[in-house]
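One-based numbering along the sequence shown.
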Amino acid sequence: MAKPLTRSQSQRELEEVSTDTAEPVLEPPSPRDMKELVDTIVQELTESESFKAVLATCIDNAISRKITQLTQEVVKHESRLFDLATEMDSKTSQLLSLNDAFVHLQTEVNKYMNRTNELDQFSRRDNLRIFGIREHDNENLQKTVADLAKDKLELDVSAADIDWAHRVGPKYSPGGTSTKQRSTLVKFKDHRVRDDYIKSRRKLKGTSTVIKEDLTRYNQQLLQQARDNKFTENAWSKDGKIFALVKTTGGGSIVRRIIITRDLPDLPL
């Protein structure tokens with residue numbers, strides 16, 4: 001009778017049987033094998049007419065979808081641009097309309113201001129301003145102006161020819177706020193007497209007495225601008241109107257009336 005196997009003998013026999021019946025272990029393909037496999041598949045696919053047809057169809061469909069999408073975007077943007085252009089045209093038309101209205105309003109305002117200035121200047125047509133008459137307490141300016149006419153201007157003018165005469169500006173006082181003798185504003189009863197008075201003012205040349213027309217503030221500024229202009233040789237006023245001797249390109253000069261600032265030359269005429 002055979003002896004029973006020990007535990008170690010049984011384990012060893014099982015291991016031998018297991019070794020004999022086990023399947024062989026597969027090793028993973030190498031990178032080279034994988035590359036060759038991929039190359040083979042790609043070559044077969046590229047040589048296949050059916051694959052080429054499917055690939056071309058896929059590409060065409062993708063391109064068509066993209067073109068359709070882009071076309072829709074272009075149409076949408078073109079519509080937006082058209083709306084913006086229409087809106088801009090409308091705003092431009094409104095601006096042009098407002099500009100025309102502003103120009104018209106500015107023209108009317110200038111006409112009104114010029115007319116107001118003309119009326120204001122006309123109201124001063126009998127007036128003169130005299131600078132340099134020494135100021136005294138309790139002075140009789142009508143008599144002083146008449147005496148100036150007789151003594152210096154050689155005119156037959158009396159106090160009765162003068163409607164009124166008064167000082168203009170803050171009163172002069174030594175150490176006060178005003179350091180200049182105030183000018184004298186004179187209104188004559190007859191415009192012809194006033195004209196004779198101002199025509200004779202050249203006889204006061206070299207003295208401290210100066211006679212000027214009574215100009216509006218606007219005309220005073222306009223006269224000063226005309227005198228300061230580099231293209232004018234001289235500027236003066238006559239009957240409340242401003243004139244300038246304007247240089248010409250030929251080296252000469254011409255007399256030009258200055259009504260508004262735009263009349264001042266910015267180049268030789």
Side-chain angles (χ1 to χ4, degrees), residues 1-114 221-222 225 228-232 246-250 256 258-269:
M1 183 176 181
K3 294 181 180 180
L5 295 174
T6 63
R7 182 179 180 83
S8 59
Q9 290 174 340
S10 298
Q11 185 174 1
R12 186 168 52 254
E13 288 181 2
L14 287 173
E15 290 177 354
E16 290 176 354
V17 172
S18 175
T19 303
D20 295 338
T21 62
E23 296 180 357
V25 178
L26 297 177
E27 296 182 0
S30 65
R32 180 175 180 181
D33 294 337
M34 289 296 296
K35 182 178 183 305
E36 291 178 354
L37 178 60
V38 170
D39 291 343
T40 301
I41 295 174
V42 170
Q43 182 177 0
E44 291 178 356
L45 288 175
T46 54
E47 292 177 353
S48 172
E49 295 298 329
S50 59
F51 174 78
K52 291 180 181 179
V54 171
L55 181 61
T57 301
C58 291
I59 293 174
D60 288 342
N61 291 338
I63 293 174
S64 297
R65 287 195 300 271
K66 192 63 178 178
I67 290 175
T68 301
Q69 180 184 358
L70 291 175
T71 302
Q72 292 173 349
E73 291 292 329
V74 169
V75 170
K76 182 173 69 175
H77 288 302
E78 285 181 345
S79 176
R80 178 57 179 161
L81 287 174
F82 178 79
D83 292 341
L84 290 174
T86 302
E87 183 179 357
M88 187 172 66
D89 289 342
S90 175
K91 297 296 183 183
T92 301
S93 178
Q94 293 178 16
L95 286 175
L96 291 175
S97 178
L98 289 174
N99 184 68
D100 291 341
F102 174 77
V103 171
H104 176 72
L105 179 61
Q106 186 67 45
T107 301
E108 293 301 316
V109 169
N110 289 339
K111 288 180 180 179
Y112 172 78
M113 292 181 63
N114 291 337
Q221 295 173 349
L222 195 61
Q225 291 175 356
D228 294 340
N229 190 285
K230 63 180 180 179
F231 298 110
T232 61
V246 182
K247 300 176 183 177
T248 62
T249 53
R256 182 178 186 178
I258 309 298
I259 300 177
I260 57 178
T261 304
R262 288 201 307 269
D263 294 331
L264 294 170
D266 51 8
L267 289 172
L269 298 180

Fill in the blank from the handout: Taking every heavy atom of V246 against every heavy atom of R256, the minimum-distance pair comes out as CG2-CB, 3.9 Å
Exercise for the section: To the nearest 0.5 angstrom, please state how far the OG1 atom of T86 sits from the CG atom of L81. Expected result: 10.5 Å
Problem - Short side-chain to backbone donor-acceptor contact, S79 and V75, under 3.5 Å - result: no
Problem - Donor-acceptor pair between N229 and Q225 side chains, under 3.5 angstrom - result: no
Exercise for the section: Could you tell me the separation between the CG atom of L55 and the OG atom of S50, rounded to the nearest 0.5 Å? Expected result: 11.0 Å
Exercise for the section: Can you measure from CE (M113) to CD (Q106) and round to the nearest 0.5 angstrom? Expected result: 8.5 Å
Practice task
To the nearest 0.5 Å, tell me how far L70 CG sits from R65 CZ.
Solution key: 13.0 Å
Problem - Closest non-hydrogen atom pair between I258 and D263, with its separation - result: CD1-O, 3.6 Å
Problem - N/O donor-acceptor pair under 3.5 Å between S97 side chain and S93 backbone - result: no
Practice task
Please tell me if the side chains of K111 and T107 come closer than 4.5 Å, counting only heavy atoms from C-beta onward.
Solution key: yes
Handout entry: Side chains of T71 and T68 in contact at under 4.5 Å (non-hydrogen atoms)
Key = no
Exercise for the section: Calculate, to the nearest 0.5 Å, the distance between atoms CG and NZ belonging to L264 and K230 respectively. Expected result: 13.0 Å
Handout entry: From R80 atom CZ to H77 atom NE2, the distance as rounded to the nearest 0.5 Å
Key = 11.0 Å
Exercise for the section: Report yes or no: does N99 contribute a side-chain atom to a donor-acceptor pair with the main-chain N or O of L95 at less than 3.5 Å? Expected result: no
